[in-house]
Peer 1: 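Here's a structure for you.
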Amino acid sequence: MPPLIVAFAALAALDIAGVAAGLPPLEWVAKPLLAPVLAVHLWRLTGTRHLPVLAGLCLAAAGDTALMLPGRVAFAVGIAFFLGAQLCWTAAFLRAGALRYLRPRRRLCAVHLAGWVAAVAALAPALGPVLGTAVAVYASALVTMALTARVLGRRATWGGLVFLGSDLLVGLGAAGTDFPGRAVLVMVTYTVALALIATAFTVAEAQQAVEVPSAHRGMLMTRATD
C-alpha cells in the first residue's frame, strides 16, 4: 500500500476516534489533513493531469475545517467550500466523458433527480429558507457529482454514492435529527468516499496504461498474420 494512503488511513482512524471519544483536539489534528494527503498522493502519481480533482481536495480541506467550527455561519461556509469541491470533481468527470456515458442512461439520471427532490423536501423545512436553499443548491451539485462519477467505473461510482450517504447524515444533523453513532458514521463514510474518489483517477490511469499496450500488441499480431 502506498505510504500516503497508509498515512491517510491513520489520520482517518485518529479523526474517527476523536469523534467517537468526544475529543475535538484529535479531530483538529487529523481532519484538516485528510484531503491534502490524498491530494499529494494523486499529484505524486499523476502530476498536474487532474488539476480539478486536486482543487476539489483543497476545497474539501477548507470545508472540513469550517465544519468543525460551531454555528450556522460556519456550517454555511463549509457548504460553500464543499460546493466548490463537488463542482471541481464534476468537471473532472465531465472531462473523462461523463456526458457521453450518461446520455443513453436517462432512467439512471431520473433516479438521481428523484433522490435529490426527496432529500431536499425532507430537510429544507427544518433548516429554514436561507440554509434550506443553500443545502438544496449544494445537494444538486453533490448528486450531479455522484452521477457523473460513474464514468470512471465501480470505484468512483461507490465513492459518489457513499458521499451522498455521508452528506445526507450531515444534513439530518443540521436539521435537528440525531441518533447514536451518527457523527462517527458521517466520518467513516466521508473518509471512505474521499479515498475512493481520489484514487479512482489513479486506478483509471493505471488501467489505461495496461490497455493501450495490449491494443498495440493486438494490432501487431494482426499485421503479422496478414
Side-chain angles (χ1 to χ4, degrees), residues 16 19 31 34-35 56-57 59-60 62-64 66-94 98-99 101-103 105-152 154-198 200:
I16 292 166
V19 173
K31 192 175 182 181
L34 291 170
L57 289 169
L59 288 167
D64 281 337
L67 289 176
M68 285 191 291
L69 297 171
R72 289 205 163 194
V73 173
F75 182 74
V77 171
I79 287 180
F81 279 125
F82 271 104
L83 173 62
Q86 304 303 344
L87 293 176
C88 287
W89 295 330
T90 298
F93 292 130
L94 289 173
L99 282 181
Y101 172 84
L102 292 172
R103 195 169 288 119
R105 295 170 170 84
R106 296 181 180 178
R107 185 175 300 177
L108 179 64
C109 296
V111 169
H112 280 68
L113 177 60
W116 172 78
V117 171
V120 170
L123 295 176
L127 294 172
V130 176
L131 197 54
T133 300
V135 167
V137 172
Y138 172 73
S140 66
L142 173 61
V143 169
T144 303
M145 183 280 293
L147 187 59
T148 55
R150 291 174 175 268
V151 70
L152 282 191
R154 187 175 300 174
R155 180 180 293 254
T157 296
W158 276 110
L161 290 174
V162 176
F163 216 124
L164 281 173
S166 182
D167 278 1
L168 179 59
L169 291 169
V170 173
L172 288 173
T177 301
D178 205 358
F179 55 86
R182 184 192 62 83
V184 172
L185 190 56
V186 165
M187 284 313 304
V188 170
T189 51
Y190 171 66
T191 53
V192 169
L194 206 62
L196 288 173
I197 290 172

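These values consider heavy atoms only, across backbone and side chains, with no hydrogens, waters or symmetry-generated copies.
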Peer 1: Check ring-ring contact (aromatic ring centres under 6.0 Å, His included) between Phe163 and all other residues, then give those that pass, not counting sequence neighbours.
Peer 2: Trp89, Tyr190
Peer 1: Do Thr90 and Leu94 make a side-chain contact, defined as non-hydrogen atoms from C-beta onward lying under 4.5 Å apart?
Peer 2: yes
Peer 1: Which pair of heavy atoms, one from Ala85 and one from Gly56, lies closest together, and at what distance?
Peer 2: CB-O, 3.4 Å
Peer 1: To the nearest 0.5 angstrom, please state how far the CG atom of Leu67 sits from the CD1 atom of Ile79.
Peer 2: 7.5 Å
Peer 1: If the condition is side-chain contact (heavy atoms from CB on, under 4.5 Å), which residues does Thr157 pass it with, not counting sequence neighbours?
Peer 2: Arg150, Leu161
Peer 1: Might you point out which heavy atoms bring Ala76 and Leu131 nearest each other, and give the distance in Å?
Peer 2: CB-CD1, 4.4 Å
Peer 1: I need the full list of side chain to side chain donor-acceptor pair (under 3.5 Å) pairs touching residues 165-186, with sequence neighbours left out, sorted by first then second residue.
Peer 2: Tyr138-Asp167, Ser166-Thr189, Asp178-Arg182
Peer 1: How long is the span from the CE atom in Met145 to the CD1 atom in Ile197, to the nearest 0.5 Å?
Peer 2: 4.0 Å
Peer 1: Can you name the nearest heavy-atom pair linking Leu57 to Ala198, along with the distance?
Peer 2: CD1-CB, 4.3 Å
Peer 1: Does any part of the side chain of Arg72, heavy atoms only, come nearer than 4.5 Å to the side chain of Val130, both counted from C-beta?
Peer 2: no
Peer 1: Where do Ala35 and Ala60 come nearest, in terms of heavy atoms and distance?
Peer 2: CB-CB, 4.1 Å
Peer 1: Identify all side-chain donor-acceptor contacts of residues 111-124 below 3.5 Å with residues at least two apart in sequence or on another chain.
Peer 2:
residue : atom : partner : partner atom : Å
His112  : ND1  : Leu108  : O            : 3.0
Trp116  : NE1  : Ala136  : O            : 3.1

Peer 1: Looking at every heavy atom in both Cys88 and Leu59, which two are closest together, and how far apart are they?
Peer 2: SG-CD1, 3.9 Å
Peer 1: Can you tell me how far apart CE (Met187) and CG (Asp64) are? Round to the nearest 0.5 Å.
Peer 2: 6.5 Å
Peer 1: What pairs with Ala156 under side-chain contact (heavy atoms from CB on, under 4.5 Å), at least two apart in sequence or on another chain?
Peer 2: Phe93, Ala149, Leu152, Ala200
Peer 1: Please report the interatomic distance CG(Leu164) to CG(Leu142), rounded to the nearest 0.5 Å.
Peer 2: 4.5 Å
Peer 1: What pair of heavy atoms forms the shortest contact from Ala174 to Phe75, and how long is it?
Peer 2: CB-CZ, 3.6 Å
Peer 1: According to side-chain contact (heavy atoms from CB on, under 4.5 Å), who are the partners of Ala141, at least two apart in sequence or on a separate chain?
Peer 2: Leu83, Gln86, Leu87
Peer 1: Does atom CZ (Arg105) have a neighbourhood of more than 12 heavy atoms from anything else shown, all under 6.0 Å?
Peer 2: yes
